[in-house]
Amino acid sequence: MNQSEKTFVLTTPLYYVNDVPHIGSAYTTIAADVVARFQRILGKHVILITGTDEHGQKIQRTAENLGKNPQAFCDEIVPSFISLWKLLNIQYDRFSRTTATNHQAIVKEFFQRVWENGDIYLGQQIGWYCVSCEEFKEERDLLSGNFCPIHSTKKVEWRDEQNYFFRLSKYQNHLEAYYQSHPDFIQPITRRNEVINFVNQGLQDFSISRVNLDWGFPVPTDPKHTLYVWFDALLGYVTALLEPEAQPNLANAIKTAWPFNLHLIGKDILRFHAVYWPAMLISAGLPLPEKVFGHGFLTKDGQKMGKTLGNTLDPVGLVQTYGSDAVRYYFLKEIEFGKDGDFNEVRFINVLNADLANDLGNLLNRSLNMVKKYSVSNSLSIAPAAIPLDNPLRTIGSSLGERVKQAYESLAFNEVCQSVMQLVQSSNKYIDEQAPWSLYKQERQAELEVVLYAVLESVRLAAYLLSPVIPNISSDIYQQLGWGIDFNNQKESEITAPFINHATWGILSNEQELGTAKPVFKRIELHKED
Ligand code: MSP
C-alpha cells in the first residue's frame with residue numbers, strides 16, 4: 001500500500017460511450033496527458049488511466065434506440081476513443097472499460113467490504129431522475145417543464161422504487177474533517193468552496209442500485225437489482241491498476257500504486273469525485289486520493305456546445321486540419337484551467353500563428369540561419385560559461401525552469417505557456433536590439449557569439465519546457481539543434497532529456513553540431529469566408 005515517491009497515478013473520467021468522443025472529452029484527456037508527460041520527465045513512474053463507462057440506462061437506451069445489443073454497441077464506439085487519443089498524441093498507460101471481465105470481480109469485492117461495514121441498506125427512492133446525467137435531481141433545480149438543468153432538452157423521469165442505498169450521511173464529519181486537513185484536495189478553490197457548501201447543507205444517503213435495468217452488474221447480495229452505474233464506474237479506476245495477468249482482487253489492484261495522485265474531471269461530475277467517491281473509499285477502508293481537479297466547460301463562439309444548437313466541435317476534424325500540437329496548445333494556452341473557455345476558429349488561428357509560427361518558429365529559424373551565416377563552423381564557438389551573468393536572456397532563463405515547474409504542478413497550463421512565450425518574445429526583441437548583422441559587419445565577433453548562443457539556448461529551453469504540450473514541435477526544434485531526442489519517447493528508463501538536466505539555461509554545448517533550419521510550424525491561412 002505504500003506508494004513510492006516515484007509513482008504518479010492520474011485519471012481522466014471514464015467517458016460514456018453513448019456517442020463518439022466530443023471536444024470536452026478531448027480537453028480533459030489532453031490536460032491529463034500533459035501532466036503525465038511532465039511527471040515522466042521529472043523521473044516519475046506514471047500511470048495515466050483513461051477509459052470508458054459503458055453500463056447504465058443511458059447506454060442501454062441509446063443501444064436499444066439503434067436496435068443494437070448494448071455490448072456490441074459499446075464495442076463499436078470504444079475504438080473511436082482509442083483512435084482520437086492516438087490522433088491527439090495521448091500516451092495513456094491503461095484503458096479501463098467497465099465491461100472488462102476483471103472489473104466485475106473488483107466491484108463485487110468492493111461492494112462486499114462496504115456491505116460488511118454496514119453501509120448499504122434497502123430503502124425507497126422517490127424523485128426525479130435524469131438519464132443523461134444518470135443522477136437524481138432536486139425538484140428546485142429543474143427547468144420549467146421538468147427539464148434537466150444540464151441537459152436542457154431532456155425531461156427528467158419520476159421514480160418511486162426500492163433501491164439499495166449507500167450511507168453517505170454517516171461520513172459527513174469525516175469528509176468535512178478531511179477537506180479541512182487537506183486544503184489542496186479539491187481544486188481550484190472555487191470548486192472546493194462549492195463542495196464544502198454542499199456538504200455543509202447535510203449529506204443524504206444515495207441509492208446505488210436500480211430495478212428494471214439489465215445493463216450493469218447485479219447487486220451481489222440481491223441480483224434482482226442492478227448496481228448504479230456510478231458505483232461501478234468509479235471503481236473502473238481501481239480495476240485499471242491491475243497488472244494484466246493479475247488475479248482481479250483489491251489487494252492486487254492497490255499493491256503498487258495507491259492512492260491516486262490526481263483525478264482530472266469536468267465541473268459537472270465534481271460531487272461524484274469529491275464527495276461520493278471518498279466516502280465510498282473510507283467505507284471500504286482505503287486511503288483517499290490526493291487531489292481532484294474540476295476544470296471548466298468549453299463553449300463555441302460564446303455559446304454552450306450541444307447537438308441541439310448544432311454547434312459541436314468535432315475533435316477529429318480539428319486535429320486532422322491543424323495537427324495535434326496546435327489543438328493541444330490552443331486549449332491549454334488560451335483557457336485558464338479550472339475556468340470555462342471558448343473556442344473560436346479565428347482566434348484559434350491567430351494564437352497559433354502568433355505564438356508557434358511567428359514567435360517560436362521564426363526565432364529558431366532566424367537564430368540557426370545566423371549561426372550558419374556568421375560562424376566559421378556549423379556550431380557555436382562559445383562555451384556557456386562565457387555568457388555574462390547579466391545577459392538578459394540568461395537572467396530570464398535561469399529562473400524559468402523552476403517557475404514553469406510550479407505552474408505545471410498546479411495545473412496552470414496557461415501560465416506555463418505564457419512564461420515560456422515571454423522568453424521567446426524577449427529573445428526576438430534581443431536579436432533586434434543587438435543587431436547581430438551589424439556586429440558581424442563591425443567584426444565584433446566575441447559579442448556576436450554571445451548573442452547567437454543566448455538566443456539559441458533560449459529557443460532550446462523554450463522547446464524543452466513546452467515539450468509536454470507540443471511534443472512534436474519540441475522534438476523538431478531539438479533535432480535542428482543537433483539533439484537526437486524525441487519527446488514522444490520519454491518513458492522511465494528511456495528518459496533522454498530529464499528535467500533536472502534540461503530545464504536549466506546554459507546546457508547547449510559548443511561541441512554540438514547544429515542541424516538545418518526548417519519551419520517547425522507552418523502559418524495557417526484564414527479561409528476566405530472567414
Ligand atoms: N461517465 C461519466 C464519468 C465517470 S468517471 C468514473 C461521465 N462521462 S461523460 O462522457 O459524460 O463526461 C466526461 C467528461 O467530459 C466530464 O468530465 C465532463 O465534465 C466533460 N465534458 C462534457 N462536456 C464538456 C464541455 N463542453 N466542456 C468541457 N468538458 C465537458 O460524466
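Computed over heavy atoms, backbone and side chain alike; hydrogens, waters and symmetry mates excluded. Order of listing sets the numbers, starting from 1, for every ligand and every atom in it.
Taking the centre of each ring, Y228 and F166 stay at or above the 6.0 Å mark.
Between K155 and E157 there is no salt bridge, since no side-chain N of the basic residue sits under 4.0 Å from a carboxylate O of the acidic one.
Classified by interplanar angle (parallel below 30°, tilted 30° to 60°, perpendicular above 60°), the ring pair F81/W85 is perpendicular. In this structure, F272 and W230 have parallel ring planes: the angle between them is below the 30° cut-off, well short of the 60° mark. Ring orientation note: the planes of F185 and Y178 are nearly perpendicular, at an angle over 60° on the 30°/60° scale.
Protein neighbours of ligand 1 below 4.0 Å, counting non-hydrogen atoms: P13, L14, Y15, Y16, H22, G24, D53, W230, A233, L234, Y237, I265, G266, D268, I269, H273, H295, G296, F297, L298.
Between S467 and S474, the side chains place no donor N or O within less than 3.5 Å of an acceptor N or O (distance only, hydrogens not considered).
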